[in-house]
Participant: 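The structure is given below, and queries will be raised subsequently.
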Amino acid sequence: MEKWVLIDGNSIAYRAFFAMPPLTNSAGMHTNAVFGFTQMLLKLLEEEKPTHMLVAFDAGKVTFRHEGYEEYKGGRQKTPPELSEQFPVLKETLKAFGIAQFELEGYEADDIIGTLTRIADERGVQAVVVSGDKDMLQLASDNVTIALTRKGVSEIEPYNPEAIQEKYGLKPLQIIDLKGLMGDTSDNIPGIPGVGEKTALKMLHEFGSVENVLANTDSLKGKMKEKVETHKEDAIMSKKLATIFREVPIENKADEIAYGGYDKATLAESFRKLEFKSLIERLDLNASDASGADAVPADSSYELIIVDESTSPETLTEALAGTECVYIEAVGENAHQAQLLGLALSAGERVFVLTYDTLMGAAGEPVRSWLTDPEAPKQGYDLHKAELALAWHGIELRGTSFDVMLAAYLLDPTESDQTLSFLAGKYGIPSIASDEAVYGKGAKFKVPEPDTLARHLAQKAAGVKRLIPLQYDELEKNGMSNLYFDLEQPLSVVLASMEKKGIKVNPEVLQELGGELERNIAQYMSDIYSHAGMEFNINSPKQLGEVLFEKLQLPVIKKTKTGYSTDAEVLEKLEPYHEIVRLILHFRQLSKLQSTYVEGLLKEIRQDTGKVHTYYRQTIAATGRLSSQFPNLQNIPIRLEEGRRIRKAFVPSEPGWYMLAADYSQIELRVLAHISGDEKMKEAFVNDIDIHTKTAMDVFGVQQEQVDANMRRQAKAVNFGIVYGISDFGLSNNLGIARKDAARFIEQYFEAFQGVRGYMDNIVMQARRDGYVTTLLERRRYLPEIKASNFNLRSFAERTAMNTPIQGTAADIIKLAMVKMDKVLEERGLRSRMLLQVHDELVFEVPEDELETMKTLVPEVMESAIQLDVPLRADVNFGVNWYEAK
DNA sequence: TGAATCACG
DNA sequence: ACGTACGTGATTCAC
């Protein structure tokens, strides 16, 4: 059974445009009409399951309807540019869907659809017409249903002849007469002045057609009779204009609208460009089958040369001399374990590809030495990961000079999609197949056959080459060139060197700790079970909730989306009610240590090096901070003694060496003092006064001697709040005080620190004006939601505007210190090694004879990383393991 | 795969 | 009136 769905493209695009809130992708392209249209398409595909599908568009400005009535569609509002720019995109999207689209010079979409419905009628095929235009109702028949949009595009209402009869008391064709009498302002069809829908319907119910009404004007009364008689001609013409022409010369094209479904990868690609993330997820497009070969088209804009044993070294050497960029394919999340698939070199009009075996074999030798040559600059994509992957295969990557992934991060650190395929799409560079389409993902991962792989790598290298100049310009335009070339690019090399070194972890210390934990955990479990009177999975918030709040009837403090909340904050409030609560808190603490830090860390120790090699991510955090994975070494316990003991397992990799750790003291508040210029705060730091005590003095209006521990604690919370972008609610929650009291604290704080108040007001205004905020080194974060009408979104953006320059500048500073530190160690020929960064702390391993040097050198370098209006201070400690370096 | 929880700065 | 503190990553459970 055939089922045709015929869509009035212009009508639906208009509806979608006005119904959807404004929506743009990161390139600033408007996408709301396309989005709304797409939603409609998906709904139709699902609900109608069409075998044939067509979207018809109006073509040309002049149609046959203008002959004899030039004013047709005159006086219409010009299409807003935000919509008209979406038509080409919409047409591309339809292509990606694989849906036919017709437009024919001189005809409107209605006429095309009218013709097809006539054909459907003749063939006895079921058809659905989708439009926002009531005129279409004239096409309804036993075969043809008209689906009119309601409420924008979110709902459609189907009309068959019976429904039309019910609603208007008319046959479908009489809709034309209705229009003829009442006209249509939007199309500038006059009709008869003074005749609206009600009058027109009454007339038609009595006389049946325009012609009959006109022939029976005698039975009309007074003014109405006069009007109808004087506008006879208008009525006739209006009827003609409203009549859909059903003989458009497309008879032979009716079979071209067969619909065979969409290709997931193609559609995913298209949605990625449009940044329709929710739709990608909804359609599960990410799970598209790896179609491999057909996912990667050939590209004739360059000559693809696959290097193999028969390629002469001269050809290769010449190619390397002219290489502008290199794409190195290392797949896998963990760079240290990434699988090297090969690389592509872009040189002028040619792209050379070496698969892994070629690269590692005799023929790859020139390329391997080129990769290692520090004098041969390399531009590429995610060279940090490439460097690590290559290193584990015995190839040292040197001379990296530009990385489009890193640049993309600086240009927009909040963009979560960092794939080359996405990036290319964003800059309008011909499509690069997504890795998922080529390789598949998860269990379906498969390396395609060499030709396909080569085309894919070549395509990426070619894409990188085209991205580079665009990003250079944008960095320059944003004043971020120094940030990129003097800080982030050199840092990426420093990070890779730290990661390659790794940090030694003593497994025996962990195992010992693990045994102890295991015994304690077992004890807690049995105690908890006996208090509960049953056995259950304590790790399951669901089961735990049932025990606490149903079986034991403890009061419900907080709920989550899915049920009862059982987090530590809730449990602490429940402690007085039942002894079990304390046990659960302890159990939680211990099982966290066991699973994440003992077992988790043990799994990450490499057998060949006896070390853990974390992978610092330089392009993740929106503020400019680093992040650390596999394992995360930035969240090793310290606050509680039990957990802190984990740090005893982190030891120097050479006998007789020491661990040395140096951390910035109050770097974020110092940064705040600097950027806000607050005199009082600056003075406190210049005089090295305890900042929380100073804050307590000013907030509570007391002398230093009168500041007790509790006042200092509260002041400290206020300082935290300030850094996070203060709100009375947040502070009250943190301190467990009334919101009013929190508000009073904040007010008193701002009274005392006027400069800080000025900064907070200012930065939010700035964000609203520019759409972004910056750090001291011009790192940028866009905050589009600062203008949101939704209170929550807007407030969040405002707090982010306050916090990001502070957290981000602190990140800038320690990054500067790291680059400098790396250089100083090298210059001085020191053997000490920089191993870890934990946001405001650097960890080294140090030979004994360098201990004294490092104890002064490290803080010196950190403190002089940048000159602020307040001094920076770094404290240094050392010991035989990380625990002792406190 | 997402939610809940908790480790860090 | 609205309802949250800023930034991360790993583990576990349950759908």
Side-chain angles (χ1 to χ4, degrees), chain A residues 281 284 286-287 333 413-414 442 536-545 558-571 584-585 587-601 603-604 614-617 620-640 642-644 646-647 663-664 666-668 672 717-735 739 742 746 781 788-808 810-811 814 836-841:
Chain A
E281 278 164 35
D284 204 19
N286 285 326
E333 280 217 86
T414 54
F536 65 101
N537 186 345
I538 311 168
N539 279 321
S540 160
K542 189 164 170 253
Q543 294 182 37
L544 180 60
K558 196 166 64 173
K559 294 206 115 193
T560 67
K561 229 186 273 182
T562 52
Y564 309 111
S565 171
T566 68
D567 64 23
E569 206 188 310
V570 168
L571 294 184
I584 292 166
L585 279 165
F587 170 87
R588 281 253 178 94
Q589 194 198 330
L590 300 187
S591 56
K592 176 88 177 179
L593 289 176
Q594 181 76 304
S595 62
T596 304
Y597 297 103
V598 173
E599 291 166 0
L601 215 43
K603 276 187 229 155
E604 294 290 344
T614 192
Y615 175 34
Y616 285 109
R617 305 296 310 272
I620 299 293
T623 53
R625 276 191 176 183
L626 298 176
S627 85
S628 157
Q629 291 178 311
F630 318 126
N632 182 354
L633 295 183
Q634 292 184 318
N635 70 346
I636 303 301
I638 189 166
R639 291 173 189 167
L640 299 173
E642 296 96 312
R644 192 173 196 158
I646 296 284
R647 293 183 174 226
D663 67 304
Y664 280 114
Q666 303 297 350
I667 187 164
E668 291 190 338
L672 175 60
V718 171
N719 278 327
F720 265 95
I722 292 293
V723 169
Y724 290 158
I726 195 98
S727 75
D728 52 7
F729 189 93
L731 184 64
S732 73
N733 207 26
N734 187 280
L735 282 177
R739 198 157 133 186
I746 294 166
R781 178 174 182 178
S789 54
N790 179 311
F791 175 87
N792 269 331
L793 288 179
R794 191 176 61 247
S795 305
F796 191 19
E798 286 168 359
R799 292 195 299 273
T800 310
M802 300 184 226
N803 171 268
T804 294
I806 301 172
Q807 192 182 116
I814 194 164
L836 301 178
Q837 187 252 42
V838 194
H839 308 307
D840 66 351
E841 174 187 16

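Proteins come first, then strands; the chains are lettered A, B, ... in the order of their sequence lines, and each starts at number 1.
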Participant: Are any of the side-chain nitrogens in R647(A) or E642(A) under 4.0 Å away from the carboxylate oxygens of its partner?
Facilitator: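 E642(A) and R647(A): not salt-bridged.
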Participant: Quick one: is dC8(B) close enough that its OP1 or OP2 comes under 4.0 Å of any side-chain N or O from R639(A)?
Facilitator: yes
Participant: Examine dC13(C): is either OP1 or OP2 under 4.0 Å from a nitrogen or oxygen in the side chain of N537(A)? Give yes or no.
Facilitator: yes
Participant: Go through the side-chain N and O atoms of E333(A) and Q629(A) and say whether any donor and acceptor fall under 3.5 Å apart.
Facilitator: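 No donor-acceptor contact under 3.5 Å links the two side chains.
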Participant: So, taking the atom named CG in L640(A) and the one named NZ in K592(A), what distance separates them when rounded to the nearest 0.5 Å?
Facilitator: 12.5 Å
Participant: F796(A) stacking on dT4(C): centroids under 5.5 Å, ring planes under 30°?
Facilitator: no
Participant: In whole Å, measure the gap between the C1' atoms of dG3(C) and dC6(B) for me.
Facilitator: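 Per the computed distance, 23 Å lies between those C1' atoms.
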Participant: Just N and O in the side chain of K542(A): are any of them under 4.0 Å from OP1 or OP2 of dC15(C)?
Facilitator: yes
Participant: Can you tell me whether the side chain of R799(A) and the base of dT4(C) have a donor-acceptor pair closer than 3.5 Å?
Facilitator: yes
Participant: With a 4.0 Å limit, can you tell me whether S727(A) has a side-chain N or O closer than that to the phosphate oxygens OP1/OP2 of dG3(C)?
Facilitator: no
Participant: Is any side-chain nitrogen or oxygen of T560(A) closer than 4.0 Å to OP1 or OP2 of dA4(B)?
Facilitator: yes
Participant: Could you check which nucleotide pairs with dA1(C) in any of the strands shown, counting Watson-Crick or G-U wobble with both distances under 3.5 Å?
Facilitator: none
Participant: Using heavy atoms to find the nearest nucleotide of DNA chain C for S595(A) and N635(A) separately, return the residue whose nucleotide is more 5′.
Facilitator: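 Its nearest nucleotide lies further toward 5', so the answer is N635(A).
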Participant: Nearest-nucleotide wise, let me know which of R617(A) and N734(A) is further upstream toward the 5' end of DNA chain C.
Facilitator: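 The residue closer to the strand's 5' end, by nearest nucleotide, is N734(A).
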Participant: Could you tell me the Watson-Crick or G-U partner of dT5(B), where both distances fall under 3.5 Å? Say none if there is no partner.
Facilitator: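 Partner of dT5(B): dA10(C).
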